[in-house]
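Here the structure is a predicted model, which is why all the values come from computation and not from measurement.
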Amino acid sequence: MSVPVPHTAMVLAAGLGTRMRPLTDACPKPLIEVRGKALIDRMLDPLVAAGVKRAVVNVHYLADQVEAHLKSRTDIEIIISDERGDVLETGGALAKARPLLGDDPILVANTDAFWEPAGPEPVEALADAFDPAAMDALLLVADTGRTLGFGGPGDFFRHEDGSMTRRGDAPSAPYAFCGLRLIRPQLYDNEPIERFSALRVWAPLIEQKRLHGVLLDRFWLHVGDPQALKDADMWLACHGG
């Protein structure tokens with residue numbers, strides 16, 4: 001089973017960017033540039049190339065700057081989910097945006113990471129692997145040995161059937177969540193519009209073996225703080241990205 005590449009993506013651009021300070025004192029994190037291209041564009045470009053037509057973008061911190069930047073994009077319809085008065089985290093953001101998302105599967109994308117070589121293939125791989133009969137959410141995950149800017153012990157174990165469990169008390173896990181997932185938006189039908197993490201929604205899916213993962217087939221760069229930004233810039237300079 002598979003699904004077509006979703007026409008709609010939720011792009012998360014409302015974070016405060018506290019770990020990126022002082023660079024985010026006057027610039028929202030999604031607009032921080034790596035080798036001359038804003039982080040949000042490094043995610044939007046492969047989504048568009050894969051066939052995504054609509055991006056619902058949530059805004060909060062320095063929202064006017066994000067909105068102004070997105071007006072330059074003529075290759076995708078941009079719909080703003082305004083969170084200026086809220087701090088919702090990922091789960092709450094999806095709950096608030098739920099009326100804008102439709103009922104077909106959607107992509108959900110963070111804006112602090114990207115892959116190299118750039119391209120639509122990882123997006124297409126998610127659609128190819130998504131089986132609505134077996135899963136409600138499908139995460140793109142990276143081998144922790146093929147990442148830059150990710151210093152953690154790993155997030156997930158992936159099992160033979162593709163289902164995933166969290167690291168829990170284990171000292172390490174082989175896979176890191178890449179910040180891109182394909183989900184059934186109905187997961188958020190009954191969630192309140194309040195501050196909560198997507199982990200609250202994922203927990204029962206893990207128990208039911210309905211949270212699955214697809215392995216990223218290329219290098220993953222996470223840009224979470226100023227040092228990671230410098231490292232990503234240097235890596236791209238050396239590898240022609």
Side-chain angles (χ1 to χ4, degrees), residues 5-115 118 120 123 178-183 185 188 191-198 221-226 228-229 232-233:
V5 171
H7 279 193
T8 297
M10 175 86 185
V11 178
L12 302 168
L16 300 176
T18 53
R19 292 180 60 229
M20 191 63 83
R21 289 175 179 164
L23 299 179
T24 50
D25 287 345
C27 177
K29 186 176 179 181
L31 301 190
I32 295 289
E33 293 186 352
V34 184
R35 300 288 292 174
K37 180 182 285 191
L39 284 168
I40 195 169
D41 291 323
R42 287 189 175 273
M43 181 53 71
L44 283 171
D45 286 351
L47 293 176
V48 171
V52 175
K53 306 299 183 186
R54 304 168 68 243
V56 177
V57 183
N58 68 327
V59 296
H60 173 75
Y61 179 64
L62 299 177
D64 291 349
Q65 290 188 41
V66 178
E67 289 193 57
H69 178 85
L70 291 172
K71 287 179 180 178
S72 67
R73 304 268 335 192
T74 58
D75 53 352
I76 186 170
E77 179 186 4
I78 301 292
I79 300 166
I80 298 297
S81 180
D82 193 333
E83 298 176 13
R84 282 173 172 83
D86 307 293
V87 178
L88 295 177
E89 296 191 36
T90 301
L94 282 157
K96 180 165 186 175
R98 177 66 187 95
L100 305 173
L101 301 177
D103 292 324
D104 294 328
I106 64 164
L107 293 154
V108 182
N110 296 352
T111 53
D112 59 358
F114 56 95
W115 53 79
V123 183
C178 289
L180 182 67
R181 53 206 183 272
L182 199 160
I183 70 166
Y188 291 86
E191 293 292 341
I193 300 173
E194 63 184 21
R195 184 173 185 170
F196 70 96
S197 165
L221 298 94
H222 180 249
V223 185
D225 55 43
L229 176 63
D233 190 86

Look at the side chain of [X] and the backbone N and O of [Y], then say whether any donor-acceptor pair between them is shorter than 3.5 Å.
| X | Y | answer |
| --- | --- | --- |
| T90 | S197 | no |
| E191 | L94 | no |
| K96 | D82 | yes |

For the student: nearest non-hydrogen atoms of [X] and [Y], plus distance:
| X | Y | answer |
| --- | --- | --- |
| A113 | C178 | CB-O, 4.2 Å |
| P28 | Y61 | CB-O, 3.9 Å |
| I40 | A13 | CD1-CB, 4.2 Å |
| R98 | P185 | NE-O, 3.1 Å |
| V56 | A97 | CG1-CB, 4.2 Å |
| V223 | A232 | CG2-CB, 4.1 Å |

Indicate yes or no: at least one non-hydrogen side-chain atom of [X] is less than 4.5 angstrom from one of [Y].
| X | Y | value |
| --- | --- | --- |
| H7 | E77 | no |
| V34 | F114 | yes |
| L101 | R54 | no |
| M10 | L100 | no |
| H60 | V87 | yes |
| I193 | D86 | no |
| R73 | V48 | yes |
| V11 | L47 | yes |

[atom2] on [Y] to [atom1] on [X], rounded to 0.5 Å:
| X | Y | atom1 | atom2 | value |
| --- | --- | --- | --- | --- |
| R195 | E89 | CZ | CD | 5.0 Å |
| D112 | L221 | CG | CG | 11.5 Å |
| L39 | M20 | CG | CE | 6.5 Å |
| K71 | I78 | NZ | CD1 | 12.0 Å |
| N58 | L88 | CG | CG | 8.0 Å |
| L12 | M43 | CG | CE | 10.0 Å |

Hey, is K53 close enough to D75 for a salt bridge, meaning N to O under 4.0 Å?
->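 Here K53 does not pair with D75 in a salt bridge, since their nearest N and O are not under 4.0 Å apart.
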Contacts of R21 meeting salt bridge (Lys or Arg N to Asp or Glu O under 4.0 Å) (sequence neighbours excluded), chain-then-number -> none
For D25, what residues pass the side-chain hydrogen bond (donor to acceptor under 3.5 Å, both in side chains) criterion, not counting sequence neighbours?
->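 None.
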Which of these passes side chain to side chain contact (heavy atoms under 4.5 Å, CB included) with C27: L23, T24, L31?
-> L31
Checking side-chain contact (heavy atoms from CB on, under 4.5 Å) for the pair L44/V57: CA distance, chi angles, key distance, verdict?
-> CA-CA 11 Å; L44 283 171; V57 183; 5.5 Å; no
Show the numbers, then the answer: is there a side-chain contact (heavy atoms from CB on, under 4.5 Å) between R84 and D64?
-> CA-CA 10 Å; R84 282 173 172 83; D64 291 349; 2.6 Å; yes
